Amino acid sequence: MGRSGEGFEAEAVQPDPDVIDRWIAWGLENGLVEPGVAQRVRILARLASLPRVSGQELASRLGISRAAVHKHIECLRGEGIQVQSVPGSGYVLQPPSDSLVAEAALPLILSLSFPTLPEWLSGWGDELIGLPYLYLPAAPSTNQLLKDQAQQGLPAGALLVTDHQVAGRGRLGRTWISEAGKDLTFSFLLRPEISPTRVHLVVLAASLAVARVVESVAGLEGRVLIKWPNDVLVDGRKVCGILAESSMDMDQVHWVVVGIGLNVNGDPGEKLSGPAVGSMMPPTSLRLRTGRSVPRANLLARTLRELGRELGSLRRGEVSALLSEYERRDWLKGTRVTVRSGPSPGKVVAEGTAAGLGPDGELLVRQANGELREVMAGEVTLTRPR
Ligand code: BTN
């Protein structure tokens with residue numbers, strides 16, 4: 001877990017143990033956090049905020065025995081979090097391990113998204129994404145697993161993170177490859193109260209949230225754009241893909257699962273067999289673009305905060321701010337494009353010059369005859385490389 005904003009331009013993250021305690025109490029009450037995880041999150045929040053903490057202090061804060069504290073510390077160590085015992089003075093948290101287990105990530109998520117109080121309990125603010133926090137060391141596809149759980153009543157806001165996704169799915173039936181222990185692969189569940197005709201805006205909101213966070217990584221300011229609808233690019237190379245899958249009927253959205261794959265500390269260039277995909281440069285990662293590793297739990301917490309903000313705006317119907325920021329990051333605008341839809345290779349639905357977004361987030365394409373075509377969904381390729 002990170003004590004600082006290391007790797008980011010923005011503020012440092014310093015978990016406040018009292019805020020964490022309140023969140024965890026609420027999570028326990030609502031069955032969103034397991035009791036053991038809850039205790040370890042509280043322990044870590046304390047260890048992260050002080051240079052050292054005695055076993056006795058932890059025991060009395062948590063209302064458990066010193067032996068129980070010791071057991072929890074052993075469990076944290078087993079999860080790769082380094083806690084040093086200093087004889088006669090207590091426990092010291094060692095530098096961040098880049099672990100994504102709940103204990104490491106939740107203090108950051110809760111501190112960043114809701115740094116003071118669970119305000120939204122007494123009136124809606126932003127959405128909370130991250131409770132329950134589900135972590136799997138390895139998983140086939142986080143989207144698929146969450147979709148299965150969504151049918152069985154998993155609550156909105158649930159997040160599933162894996163360190164090793166072995167059957168990742170991309171858009172249009174493609175596969176998504178990520179590097180074990182190096183990238184971020186996660187999905188979250190929404191049950192949004194929006195009209196089925198607006199569900200596609202969730203994807204635009206998610207792309208914007210990711211783009212903003214990627215741009216807050218030190219050294220990446222001004223280098224982050226979005227290829228409509230949901231590819232986040234750094235220097236014109238794809239760094240993140242988003243896959244949203246939903247269940248709805250004519251007048252109601254039952255659930256939406258949004259899956260995000262962000263290339264963080266690996267080398268995705270190796271994934272490609274050919275020189276370019278859809279007239280795009282080969283993909284990249286944050287480490288390749290900045291020359292430094294980026295702490296993943298911190299990145300995850302920042303992304304969830306931005307997602308919560310964007311989805312809150314969407315729920316309140318504030319779409320124009322979303323679209324105008326999106327337009328500022330529109331990679332396609334002014335380029336010659338071909339848009340296809342349907343199963344690969346797809347039927348051409350528009351050809352011309354990308355001309356920004358319409359009021360509902362649709363892609364506008366100026367055709368050769370001067371007419372403006374509105375495209376709600378599809379795969380865009382550049383007719384000529386940039
Ligand atoms: C794309 O660009 O084609 C979308 C890629 C989406 C990948 C993410 S990784 C987490 C989640 N689980 C999946 O199986 N896919 C999404």
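In this text, all values refer to a predicted model and were calculated from it rather than measured experimentally. Whatever order the structure lists ligands and atoms in, that order sets their numbers, starting from 1. Only heavy atoms go into these numbers, but all of them, side chains included; no hydrogens, no water, no symmetry mates. Start at 1 with the first residue, then count along the sequence.
The nearest protein atom to atom 3 (O) of ligand 1, hydrogens excluded, is given as Arg171 N, 2.7 Å; this is a heavy-atom distance. Among all non-hydrogen protein atoms, the one lying nearest atom 2 (O) of ligand 1 is Lys238 NZ, 2.6 Å. Looking from atom 15 (N) of ligand 1 to the surrounding protein, the closest heavy atom is Arg169 O, 2.7 Å. Among all non-hydrogen protein atoms, the one lying nearest atom 10 (C) of ligand 1 is Thr142 OG1, 3.3 Å.
Salt-bridge check for Asp98 with Lys182: failed, with every basic side-chain N at 4.0 Å or more from each acidic carboxylate O. A salt bridge between Lys71 and Glu74 is absent, with no side-chain N of the basic residue lying under 4.0 Å from a carboxylate O of the acidic one. Residues Glu325 and Arg212 are paired through a salt bridge, judged by an N-O separation under 4.0 Å between the basic side chain and the carboxylate. Using a cutoff of 4.0 Å between basic side-chain nitrogens and carboxylate oxygens, Glu179 and Arg287 are not scored as salt-bridged. For the pair Asp163 and Arg296, the salt-bridge criterion is met [side-chain N within less than 4.0 Å of a carboxylate O].
In terms of polar-atom proximity, Trp176 is not counted as a contact of ligand 1, lacking any N or O under 3.5 Å from an N or O of the ligand.
Taking every non-hydrogen atom of Ser187 and a distance limit under 4.0 Å, the qualifying atoms of ligand 1 come out as 11 (C), 12 (N). Near Ser141, meaning under 4.0 Å from one of its heavy atoms, ligand 1 places the atoms 12 (N), 13 (C), 14 (O). The contact set between ligand 1 and Gly170, taken as ligand atoms under 4.0 Å from a residue heavy atom, comprises 1 (C), 3 (O), 4 (C), 5 (C). Numbered from 1 in the order shown, with element, the atoms of ligand 1 that lie under 4.0 Å from a heavy atom of Gly168 read 14 (O). Counting the atoms of ligand 1 from 1 in the order shown, those under 4.0 Å from a heavy atom of Phe186 are 10 (C). Atoms of ligand 1 found under 4.0 Å from any heavy atom of Leu243, numbered from 1 in the order shown, are 6 (C).
Contacts with ligand 1 closer than 4.0 Å are made by backbone heavy atoms (N, CA, C, O) of Ile260 only, the side chain lying farther away. Here Ile242 has backbone heavy atoms under 4.0 Å from ligand 1, and that is the only part of it that gets that close.
When the shell of 6.0 Å around CZ of Arg223 is examined, it contains more than 12 heavy atoms from other residues, nucleotides or ligands.
If you check the side chains of Thr383 and Glu351, you find no donor sitting under 3.5 Å from an acceptor.
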- Task: Apply side chain to side chain contact (heavy atoms under 4.5 Å, CB included) to the pair Ile129 and Phe186, showing each step before the final yes or no.
- Result: CA-CA 12 Å; Ile129 304 167; Phe186 62 95; over 6 Å; no
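Considering each of Lys147, Gln165, Gln144, the one bringing a non-hydrogen atom nearest atom 13 (C) of ligand 1 is Gln165.
In this structure, Ile81 CD1 and Ile73 CD1 are separated by 10.0 Å, a value rounded to the nearest 0.5 Å.
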